[in-house]
Amino acid sequence: MEMKGGNEPNPNSGYGNQGYPGADYPGYPPPQNPYGYQPAGYTPAGYQPAGYPPPGAQVPPGYPPGPYQGQPGQANFGAYGGPHAVPNQPGAPAAAWMPAPAPIPNCPPGLEYLTQIDQILVHQQVELLEVLTGFETNNKYEIKNSLGQRVYFAAEENDCCTRNCCGPSRPFSMTIVDNAGQEVMKLHRPCRCSACCFPCCLQKLEVQAPPGTTVGYVIQNWHPCLPKFTIQDEREQGILKIKGPCIPCRCCADVKFEIKSMDESAVVGRITKQWTGFVKEAFTDADNFGIQFPMDLDVKIKAVLLGACFLIDFMFFEQSQNNN
C-alpha cells in the first residue's frame with residue numbers, strides 16, 4: 001500500500017471494497033451525509049413512509065371531524081361534526097375524542113362507548129348571542145367521559161318562534177352524534193305540561209338509538225312537591241326511578257337527582273347539576289351535569305338516562321337567562 005507522508009493511505013477513488021466503487025478504505029461505504037456513514041433509522045429528506053397520507057391529504061375516517069355543513073332545517077353541530085362532517089379547517093384546535101370502540105353484538109351502533117364508562121359529563125355551550133341579547137338559541141352540549149374526552153355532541157333542532165315563545169317548556173328534537181359524525185341517538189320531547197295541577201299531561205321524552213328505533217322513555221310522575229321520573233324500556237316497562245329535591249335550584253351548591261330502583265329502596269346512580277359559579281349561573285343558562293350509573297347497566301338504559309338529563313335541564317335550569 002502506498003503511504004502518504006509515511007503513515008496515511010492514499011485516498012484514491014475506487015480503492016478498497018469493490019461493492020463501493022468510491023470508497024477509500026476496505027469495507028467502508030462512501031460518505032452519505034456530512035456526518036459520515038448513514039445510521040440505521042435515518043430518514044432522508046423527502047422520504048414518505050408507507051401507510052401515511054401525503055401532505056394535504058384528507059383526514060382519514062375516525063379522526064375528529066370538522067365544521068358541520070348541514071342542510072336548512074338540520075341541526076348545526078358547529079365544529080363537532082355531523083352527518084356530513086368535513087375535515088378540520090387550518091388552524092382549528094384538534095378535538096380530544098374518546099377512541100372509538102369495536103362493534104359489540106346486540107348493541108345499537110354508536111352506543112358501544114357507553115359500555116366502557118360509568119360516568120358522563122354533560123357541558124352546555126355558552127351562546128354569545130343569547131348572553132348579549134337574551135335571544136334564545138338552540139342548545140348545544142358536549143358529552144364527555146370522566147377523562148374529559150368527548151364521547152358525543154348533542155344539538156337541539158328547533159325553530160326561532162318555538163324557542164322564544166315557549167321558552168324552556170318548548171317541544172324539541174335533539175340529535176346526538178359520535179366522533180365520526182354519525183347520528184347515534186335522537187331525542188323527542190312533545191309539547192306537554194309540567195305543572196302538578198295537570199297530572200294527566202306530564203312530561204315525556206322518547207329516546208331512539210339509532211334514530212328510528214325506540215330504546216326507552218323518560219316519564220314524569222305526578223307529585224305535589226318533588227320532581228320524580230320513571231325510566232322505561234322500549235316496551236314502556238319501568239326500570240328505574242329518578243327523584244329530585246323539593247327545591248331543584250340552589251345557590252352555590254350542586255343539585256342532585258338520585259337514580260333509584262323501582263321500589264326506591266336502593267340508590268344506583270345520580271344526575272347532578274353542578275354549580276358553575278355566580279357569573280355563569282346569573283347571566284347564562286349554560287349548565288354542567290354529571291351522570292353516574294352502574295358499569296354493567298344495560299347500554300340502552302344508559303342512553304335513556306342521558307335523555308333524562310336533558311329533560312331535567314330544560315324543565316328546571318333553562319330559566320335563568322329568561323328571568324334576567
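Since the structure is predicted, the reported quantities are computational estimates derived from the model, not experimental observations. We number each residue from 1, following the sequence as shown.
In this structure, CD1 on Ile176 lies 7.0 Å from CE on Met174, to the nearest 0.5 angstrom. If you take CG on Asp118 and CZ on Phe293, they are separated by 7.0 Å, rounding to the nearest 0.5 Å. Remark: Gln237 CD to Thr230 OG1 distance equals 11.5 Å, nearest 0.5 Å. Within the model, atoms NZ of Lys302 and OH of Tyr113 stand 15.0 Å from one another, a figure rounded to the nearest 0.5 Å. Remark: Gln292 CD to Ile259 CD1 distance equals 8.5 Å, nearest 0.5 Å. The line from NZ of Lys243 to CD1 of Ile271 is 15.0 Å long, rounded to the nearest 0.5 Å.
The two residues Glu112 and Ala102 come nearest to each other via the heavy atoms CG-O, 3.6 Å. The shortest non-hydrogen separation linking Ile291 to Leu305 is CD1-O, 4.1 Å. When every heavy atom of Cys107 is checked against every heavy atom of Val299, the shortest pair comes out as SG-CG1, 4.0 Å. Between Ile231 and Ala308, the shortest heavy-atom distance links the atoms CD1-CB, 4.0 Å. Here the closest non-hydrogen pair linking Val255 and Pro245 is CG1-CG, 3.7 Å.
Counting only N and O atoms by type, the side chains of Glu318 and Asn139 include a donor and acceptor under 3.5 Å apart. Looking at Asp178 and Gln182, their side chains never bring a donor and an acceptor atom within 3.5 Å of each other. Judged purely by distance below 3.5 Å, without hydrogens or angles, the side chains of Asp233 and Tyr217 never pair a donor atom with an acceptor atom.
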Verdict with reasoning, Thr272 to Asp254, per side chain to side chain donor-acceptor pair (under 3.5 Å) = CA-CA 7 Å; Thr272 304; Asp254 294 346; over 6 Å; no
inquiry  = side chain to side chain donor-acceptor pair (under 3.5 Å) for Arg163 and Asn138? Distances and angles first, verdict last.
reply    = CA-CA 8 Å; Arg163 291 195 310 267; Asn138 282 325; 3.3 Å; yes
inquiry  = Apply side-chain contact (heavy atoms from CB on, under 4.5 Å) to residues Asn158 and Arg170 and explain how you reach the verdict.
reply    = CA-CA 9 Å; Asn158 230 326; Arg170 63 186 181 267; 3.6 Å; yes
request  = Please step through salt bridge (Lys or Arg N to Asp or Glu O under 4.0 Å) for the pair Arg189 and Glu156, ending with a clear verdict.
outcome  = CA-CA 11 Å; Arg189 179 199 189 189; Glu156 176 189 359; over 6 Å; no
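Ring-plane geometry between Phe314 and Phe172 is classed as parallel, the angle between the planes falling under 30 degrees on a 0 to 90 degree scale with a further cut at 60.
Criterion: ILVMFWY side-chain heavy atoms under 4.5 Å apart, direct or through other members. Under it, Leu226 and Phe229 are not part of a common hydrophobic cluster. Ile219 and Ile301 fall into different hydrophobic clusters, where Ile, Leu, Val, Met, Phe, Trp and Tyr residues are linked whenever their side-chain heavy atoms come under 4.5 Å apart, directly or through other members. Under the 4.5 Å side-chain heavy-atom criterion for grouping Ile, Leu, Val, Met, Phe, Trp and Tyr, Leu306 is not connected to Leu121 through any hydrophobic cluster. No continuous path of ILVMFWY side-chain contacts below 4.5 Å connects Val151 to Ile104, so the two sit in separate hydrophobic clusters. In the hydrophobic clustering of this structure, Met295 does not group with Ile239; members are Ile, Leu, Val, Met, Phe, Trp, Tyr whose side-chain heavy atoms approach within less than 4.5 Å, directly or through other members.
A distance of 6.0 Å or more separates the ring centres of Phe153 and Tyr141.
With contacts defined as side-chain heavy-atom distances shorter than 4.5 Å, the pair Lys241/Met262 qualifies. You'll find the side chain of Phe317 reaches within 4.5 Å of the side chain of Phe289, heavy atoms only. The shortest side-chain heavy-atom distance between Asn288 and Val122 does not fall under the 4.5 Å cut-off.
Applying the side chain to side chain donor-acceptor pair (under 3.5 Å) test between Ser173 and each of Glu157, Lys186, His188 identifies His188 as the sole match.
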